[in-house]
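Notes for the one structure printed next.
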Amino acid sequence: MSAKNLVTGGISTEGLPREDGFFGEFGGSYIPPRLQDVMDEVTRTYKKIAADPAFIAEFNDLLIHYAGRPSPVYHAKRLSEHAGGAQIYLKREDLNHTGAHKINHCIGEALLARKMGKKKVIAETGAGQHGVALATAAALMGLECDIYMGAIDVAKEAPNVSRMKILGARVIEVTRGTQSLKDAVDAAFEVYLDDPETQLYCIGSAVGPHPFPMIVRDFQSIIGREARGQFMEMTGHLPDVVTACVGGGSNAIGIFSGFLEDTDVELHGVEPAGKGLETGRHAATMTKGSVGVLHGFKSYILQDSQGEPLPVYSIASGLDYPGVGPQHSYLKTIGRVRYETATDAEAVHAFYALSRLEGIIPALESSHAVAYALRHAKELGKDKRILVNLSGRGDKDIDFIMEHYPYEGDVPSL
Ligand SMILES: *Cc1c(COP(=O)(O)O)cnc(C)c1O
């Protein structure tokens with residue numbers, strides 16, 4: 001069995017990335033030679049381990065018995081009626097253990113670390129979602145876990161810091177620079193470079209230098225494989241459109257990879273338009289960015305004329321990243337995936353719509369995909385079907401929503 005079978009179930013992702021880590025002109029690794037040696041070693045070991053039937057069996061077993069897979073596909077009839085067009089279906093990644101898709105790649109990464117004989121996993125985290133998912137997987141595997149987090153985020157995301165500590169992880173506050181995600185990434189990479197022998201860097205999305213975008217994509221592609229089979233069984237058809245929110249792009253590439261070869265299925269990624277594309281306060285990387293290098297890989301990025309990443313913003317902190325996974329840039333360039341946007345206001349509207357009409361409180365990140373589905377459903381006939389990847393649940397967002405958008409009666413229309 002090949003590494004591809006582990007994750008794509010025979011559904012090709014066009015054989016990408018190439019050996020050199022590129023998806024077309026995107027991806028690769030723009031890193032110091034010493035880190036390149038470390039990455040080459042991770043690539044070699046990953047390819048070997050991912051082709052090992054024992055690894056595949058253990059990964060699948062944990063996804064089923066620990067994470068609670070398969071997550072269901074649900075026909076949201078009342079939400080569809082509200083949209084007044086195409087039928088909307090949800091792939092319920094919010095029902096996974098820890099409440100989002102991130103547990104899929106964290107279990108894979110921690111299992112990989114253990115198979116490689118590492119004692120420790122390390123990672124960056126922004127809002128703390130990846131930190132919590134990795135701390136969970138580390139506890140499960142009996143690995144130490146160090147999470148690097150900007151001081152501002154540590155102060156803002158107290159519940160996730162508590163969760164990580166309860167799970168036995170060390171949270172290391174990063175006080176340099178902007179004291180947020182970008183500096184946390186830099187700090188964690190430095191520590192990793194100092195000691196790549198005893199620890200493995202476990203990145204939080206389908207980003208970073210090769211082989212990270214491939215590894216995370218592979219572990220997340222379970223979403224698309226499951227969804228395709230479930231949808232066929234439920235409706236007798238493939239969906240007309242599959243949509244997902246795009247931050248770094250892991251939940252989106254996870255579901256898209258199940259449908260890449262189904263050329264009749266349109267794939268639409270949804271980027272955060274924040275306060276509006278014209279305001280500059282957004283994180284719509286592919287819609288507004290240009291090609292450049294960030295965090296060791298080439299992709300669309302939001303950058304200034306010197307190639308420095310621009311400050312980005314979204315109501316959903318998980319979408320608030322100035323880059324995007326290289327495979328998305330490639331899929332945009334070849335025209336296989338269309339990238340659209342949804343604003344903060346649309347996301348909040350969708351957050352309430354799904355809560356009130358279906359009894360499902362979505363993460364603000366996922367609410368962007370729901371918002372786009374509501375908008376696009378109106379443009380399609382009632383006989384069409386849209387499948388939304390509902391990447392996570394909204395428990396983490398309820399305090400913020402009650403403070404800023406406390407709608408007790410009707411939700412204001414857009
Ligand atoms: C982290 C996160 C995202 C954004 O990350 P991707 O890598 O783009 O998937 C989306 N939804 C939820 C619920 C998240 O926690």
Side-chain angles (χ1 to χ4, degrees), residues 71 90-106 108-109 123-134 136 149 153 157 159-160 163 181 184-185 202-208 212-213 215-224 243-257 268-272 283-286 295 297 299-300 312 314-329 331 337 339 341-342 347 350-351 354 360-372 388-398 400:
S71 65
L90 308 173
K91 175 62 171 164
R92 299 286 312 274
E93 290 300 294
D94 61 310
L95 292 178
N96 296 336
H97 178 47
T98 69
H101 69 289
K102 287 194 176 76
I103 194 69
N104 300 326
H105 70 244
C106 286
E109 287 172 330
E124 80 296 338
T125 198
Q129 296 301 109
H130 176 58
V132 170
L134 189 62
T136 300
M149 190 170 185
D153 293 328
E157 309 289 347
N160 275 343
R163 285 185 187 101
L181 179 63
V185 173
C202 297
I203 208 154
S205 187
V207 298
F212 290 133
I215 291 180
V216 172
R217 186 266 323 269
D218 287 357
F219 289 142
Q220 287 295 350
S221 67
I222 182 74
I223 303 174
T243 189
C245 66
V246 180
S250 66
N251 88 87
I253 205 66
I255 196 159
F256 290 169
S257 57
H268 299 174
V270 186
E271 298 195 296
T285 312
M286 280 175 291
H295 291 147
F297 66 105
S299 197
Y300 274 89
V312 283
S314 166
I315 193 172
S317 46
L319 301 183
D320 174 346
Y321 181 63
V324 66
Q327 193 168 2
H328 287 290
S329 292
L331 291 168
V337 181
Y339 293 89
T341 62
F351 174 93
L354 192 59
I360 298 170
I361 303 177
L364 278 171
E365 289 81 2
S366 325
S367 299
H368 286 71
V370 176
Y372 173 70
V388 180
N389 195 16
L390 199 72
S391 55
R393 67 181 180 220
D395 301 46
K396 66 186 179 56
D397 299 312
I398 57 178
F400 175 85

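The residues of the chain are indexed from 1 along the displayed sequence. Numbering of ligands and ligand atoms starts at 1, following listing order.
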Inset, instruction - Enter the distance from I103:CD1 to Q220:CD here, rounded to the nearest 0.5 Å. - result: 10.0 Å

Legend entry - Rounded distance (nearest 0.5 Å) linking atom OG of S71 with atom CG of N389: 8.0 Å

Go through the side-chain N and O atoms of [X] and [Y] and say whether any donor and acceptor fall under 3.5 Å apart.
{"X": "N96", "Y": "E93", "result": "yes"}
{"X": "E365", "Y": "N251", "result": "no"}
{"X": "T136", "Y": "T98", "result": "no"}
{"X": "H268", "Y": "Y372", "result": "yes"}

Min N/O separation [X] to ligand 1 under 3.5 Å:
{"X": "K102", "result": "yes"}
{"X": "A206", "result": "no"}
{"X": "V246", "result": "no"}
{"X": "S366", "result": "no"}
{"X": "G249", "result": "yes"}
{"X": "E365", "result": "no"}

Report, in ascending order of atom number, the atoms of ligand 1 lying under 4.0 Å from any heavy atom of [X].
{"X": "G392", "result": "13 (C)"}
{"X": "S250", "result": "6 (P), 7 (O), 8 (O), 9 (O)"}
{"X": "H101", "result": "2 (C), 3 (C), 9 (O), 10 (C), 11 (N), 12 (C), 14 (C)"}
{"X": "C245", "result": "10 (C)"}
{"X": "S391", "result": "10 (C), 11 (N), 12 (C), 13 (C)"}
{"X": "S205", "result": "6 (P), 7 (O)"}
{"X": "G247", "result": "8 (O)"}

Legend entry - Any donor-acceptor pair under 3.5 Å from E271 side chain to T285 backbone: yes

Inset, instruction - Using modelled atom types only, decide if a donor and an acceptor are shared between the side chain of D94 and the backbone of S391 within a distance under 3.5 Å. - result: no

Inset, instruction - Of all the heavy-atom pairs spanning G131 and T125, show the shortest one and how long it is. - result: N-OG1, 3.1 Å

Legend entry - Region of H130 that comes within reach of ligand 1 [heavy atoms, distance under 4.0 Å]: neither

Inset, instruction - Report the nearest protein non-hydrogen atom to atom 5 (O) of ligand 1: residue, atom name, distance rounded to 0.1 Å. - result: G318 O, 4.0 Å

Legend entry - Whether F256 and H328 hold their rings parallel, tilted or perpendicular, with breakpoints at 30° and 60°: perpendicular

Legend entry - R393 near ligand 1 by a heavy-atom separation under 4.0 Å: no

